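Computed from a predicted structure; not experimentally measured. All chains are named by letter (A, B, ...) in the order of the sequence lines, taking the proteins before the strands, and each is independently numbered beginning at 1.
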2 protein chains.
Amino acid sequence: MTARDPIDIWRRPERSGVGPKPQHSRGQIAAAAIDIADRDGLAAVSVRRVARDMGTGPASLYRYLRSHDELIELMVDTVSGEYDLGPSGETPRDQLLALARQGRSIMHRHPWLAALLLTRPSMGPSTLRYLESALTAMESIDLPGPSKLQTVAMLTALTSAFVQNELSQPGNSGAANGAASDRVEYLSEAVRSGNYPRLASAFSGGNEPETPDDMFNGIIVGYLAGVGLRQLPQETPGAGEIQA
Amino acid sequence: MTARDPIDIWRRPERSGVGPKPQHSRGQIAAAAIDIADRDGLAAVSVRRVARDMGTGPASLYRYLRSHDELIELMVDTVSGEYDLGPSGETPRDQLLALARQGRSIMHRHPWLAALLLTRPSMGPSTLRYLESALTAMESIDLPGPSKLQTVAMLTALTSAFVQNELSQPGNSGAANGAASDRVEYLSEAVRSGNYPRLASAFSGGNEPETPDDMFNGIIVGYLAGVGLRQLPQETPGAGEIQA
DNA sequence: TATTGATTGCGAACAGTGTTCGCAATCAAG
DNA sequence: CTTGATTGCGAACACTGTTCGCAATCAATA
């Protein structure tokens with residue numbers, strides 16, 4: 001479809017000294033796009049719509065961006081700047097957990113974020129700062145560098161996937177739902193058919209369901225424990241207790 | 001953009017007895033679409049392209065599908081049928097690990113799959129069979145039903161995210177790469193800038209890198225351990241050893 | 001056997017998309 | 001004050017998903 005998708009936007013200076021003063025800016029464009037996405041869903045973020053909301057024409061935006069893809073990249077990195085970095089706990093585990101919780105709440109604020117984080121690499125300055133912060137939290141951990149990077153990647157993936165699940169649940173009217181009710185309809189048909197007995201019991205088996213917050217904590221803590229991160233830093237893996 | 005996205009395709013019969021015999025079928029359409037996606041990337045799967053490859057017009061496909069979204073749904077469920085279900089190990093852990101490994105290899109075969117599984121609910125018959133199979137593997141585990149479901153969901157999310165990472169790595173020429181080289185370029189600039197010291201050391205720190213297969217195993221096993229699944233079924237969490 | 005009525009095939013058209021082109025307007029440097 | 005790079009942006013191109021309308025088909029009914 002589109003020619004190429006360099007995403008080298010972060011290597012280009014926003015402004016280059018000469019010529020007329022720009023009337024817009026990347027930040028302004030990102031803000032407009034984010035506003036649209038928050039309100040009407042990611043699919044509503046077209047070049048034309050963003051331009052219209054800014055009171056200009058579509059072609060103008062291409063002085064600031066090379067492609068629609070870069071617009072999305074800009075959006076992702078901008079909201080990634082909403083992390084409040086800085087120490088937030090004693091142990092590495094607590095710090096990473098706090099980071100993940102912040103991530104979840106950002107993704108709740110911007111329901112389109114989770115899907116994007118899961119499907120594209122995303123390497124803007126804010127993302128790098130976030131990464132650096134997570135690595136700082138793990139500084140005392142004895143793990144090879146690449147493994148730490150993988151751990152962080154999987155942590156944000158887990159967080160995004162969890163939020164994605166939350167958002168597709170019925171009850172969330174967000175920008176593009178209504179499919180949820182269709183799914184439960186088909187699901188209960190399938191369950192009633194008797195072809196999926198364990199599925200059926202898995203659905204009915206739940207009494208006193210955990211709160212989403214508790215489920216999230218449990219998942220993240222469980223994962224971190226699996227990687228070898230217990231309550232105390234440097235502890236030998238396999239000796240601690242799992243505490244959800 | 002599009003009107004509504006019911007995805008109630010699985011509740012509609014493919015054929016309804018009366019009228020002229022259809023010249024195509026959902027399966028045929030799915031196969032054509034999958035072929036295109038495997039070859040030229042998911043973005044190349046347009047209604048027109050699928051129709052052309054099948055030797056017909058775009059409007060014809062709408063006798064079998066209600067929307068482009070349903071076409072994607074069909075693709076996902078079709079390749080989800082590539083799982084070889086059935087017992088594949090002794091312990092629940094081993095069975096789930098085997099399932100995850102199969103998933104990874106399917107996603108390697110169809111590089112567009114991972115992103116779709118991460119971003120959409122996807123509830124076709126093949127997906128349900130897969131779910132049922134995973135739940136069967138966990139039958140001996142003492143966990144409430146909803147938690148088991150969450151565990152499976154996170155397992156496939158982790159798998160998909162891992163594969164997604166693999167695919168976006170440089171060296172993968174797949175349908176839509178080339179962005180990879182731009183990213184490493186910007187990344188090494190950032191590292192050289194000195195603003196991200198731990199990031200820098202995390203990248204350089206690696207000697208004797210693990211093979212991707214080992215990393216994958218480690219991640220999945222780690223996660224399952226975190227949920228309470230060690231080598232032996234029913235074992236008390238927190239007492240076993242982590243074995244990558 | 002003839003007729004009915006639902007279903008299929010599909011060309012044409014509509015509204016919307018990302019993107020490029022070309023030209024006028026602007027501004028800093030020489 | 002001229003030069004040359006840069007910005008603003010209307011117009012157009014090649015796409016996209018989707019709908020409409022009508023001819024062709026076939027099973028069940030009269």
Side-chain angles (χ1 to χ4, degrees), chain A residues 1-9 12-29 32-33 36-37 40-75 120 176 179, chain B residues 1-9 12-29 32-33 36-37 40-75 120 176 179:
Chain A
M1 188 203 305
T2 76
R4 68 242 117 68
D5 48 1
I7 320 225
D8 60 348
I9 189 179
R12 293 196 312 269
E14 168 149 22
R15 177 102 172 76
S16 44
V18 76
K21 278 172 188 154
Q23 297 176 11
H24 315 288
S25 71
R26 285 182 187 170
Q28 196 184 136
I29 294 174
I36 294 170
D40 300 332
L42 185 64
V45 179
S46 66
V47 176
R48 281 173 167 82
R49 170 76 184 275
V50 173
R52 177 152 44 88
D53 282 22
M54 294 177 60
T56 181
S60 300
L61 297 195
Y62 283 86
R63 295 290 174 194
Y64 302 85
L65 312 164
R66 274 220 226 284
S67 69
H68 179 253
D69 232 56
E70 289 193 349
L71 173 59
I72 268 67
E73 182 82 1
L74 215 54
M75 293 171 64
R120 54 176 46 225
Chain B
M1 190 203 303
T2 74
R4 69 242 118 69
D5 48 2
I7 318 221
D8 61 348
I9 188 178
R12 292 196 312 269
E14 169 149 19
R15 178 108 171 70
S16 45
V18 75
K21 277 174 189 154
Q23 298 175 12
H24 315 289
S25 71
R26 285 183 187 169
Q28 195 183 136
I29 294 174
I36 294 170
D40 300 332
L42 185 63
V45 179
S46 67
V47 176
R48 280 173 168 81
R49 171 75 184 277
V50 174
R52 177 155 43 88
D53 282 21
M54 294 177 60
T56 181
S60 300
L61 298 195
Y62 283 86
R63 295 291 174 193
Y64 302 84
L65 311 165
R66 275 220 226 282
S67 68
H68 180 250
D69 232 56
E70 290 193 348
L71 173 59
I72 268 68
E73 181 83 2
L74 215 54
M75 293 170 66
R120 56 175 45 228

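- Of the side-chain N and O atoms in Tyr64(B), one or more sit less than 4.0 angstrom from OP1 or OP2 of dG9(C).
- Spacing between atom CD of Glu14(A) and atom C1' of dT7(D) amounts to 13 Å, rounded to whole angstrom units.
- Residue Ser60(B) places no side-chain N or O under 4.0 Å from the OP1 or OP2 atom of dG9(C).
- A straight line from CG of Asp40(A) to P of dT17(C) spans 12 Å, rounded to a whole angstrom.
- Straight-line distance from the CD atom of Gln23(A) to the P atom of dC9(D): 6 Å, rounded to whole Å.
- The nearest whole Å value for the distance from the CG atom in Leu65(B) to the C1' atom in dT19(D) is 15 Å.
- A donor-acceptor pair is defined here as one N or O able to donate and one able to accept, closer than 3.5 Å; no such pair exists between the side chain of His24(B) and the backbone of Tyr64(B).
- Minimum interatomic distance between Pro58(B) and Val47(B) (heavy atoms only, all atoms of both residues): O-CG1, 3.8 Å.
- Atom CZ in Arg49(A) sits roughly 19 Å away from atom P in dA15(C) (whole-Å rounding).
- The His24(A) side chain lies nearest to dC9(D) when the options are dC9(D), dG17(D), dT20(C).
- Closest non-hydrogen pair, Val45(A) versus Ala33(A), comes out as CG2-O, 3.6 Å.
- Distance check, rounded to the nearest 0.5 Å: CG of Asp69(A) to CD1 of Ile9(A) gives 10.5 Å.
- Considering every non-hydrogen atom in both Ala37(B) and Met75(B), the closest pair reads CB-CE, 3.6 Å.
- Side chain Arg48(B) to base dG17(D): a donor-acceptor pair is found below 3.5 Å.
- Spacing between atom CG of Asp69(B) and atom C1' of dG17(D) amounts to 11 Å, rounded to whole angstrom units.
- Rounded to whole Å, atom P of dT16(D) lies 13 Å from atom CG of Leu42(B).
- Using a 4.0 Å cut-off, some side-chain N or O of Thr56(A) falls inside it from OP1 or OP2 of dC9(D).
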Nucleotide by nucleotide, 5' to 3', does protein get under 4.0 Å of the base (B), only the sugar-phosphate (S), or neither (-) in nucleotides 20-27 of chain D, counting heavy atoms? -B---BSS
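- Atom CD1 in Ile29(B) sits about 11 Å away from atom P in dT8(C), given to the nearest Å.
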Verdict with reasoning, Glu70(A) to Arg12(A), per salt bridge (charged side-chain N to carboxylate O under 4.0 Å, His left out): CA-CA 12 Å; Glu70(A) 289 193 349; Arg12(A) 293 196 312 269; 2.9 Å; yes
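- Proximity of a side-chain donor or acceptor of Glu14(A) to a complementary backbone N or O of Ser25(A) within less than 3.5 Å is not detected.
- Summarising the base pairing, dG4(D) is matched to dC27(C) through a Watson-Crick or G-U wobble pair whose two defining distances lie under 3.5 Å.
- Along DNA chain C, the nucleotide nearest Gly55(B) and the nucleotide nearest Ala44(A) are compared for position; the residue whose nucleotide lies closer to the 5' end is Gly55(B).
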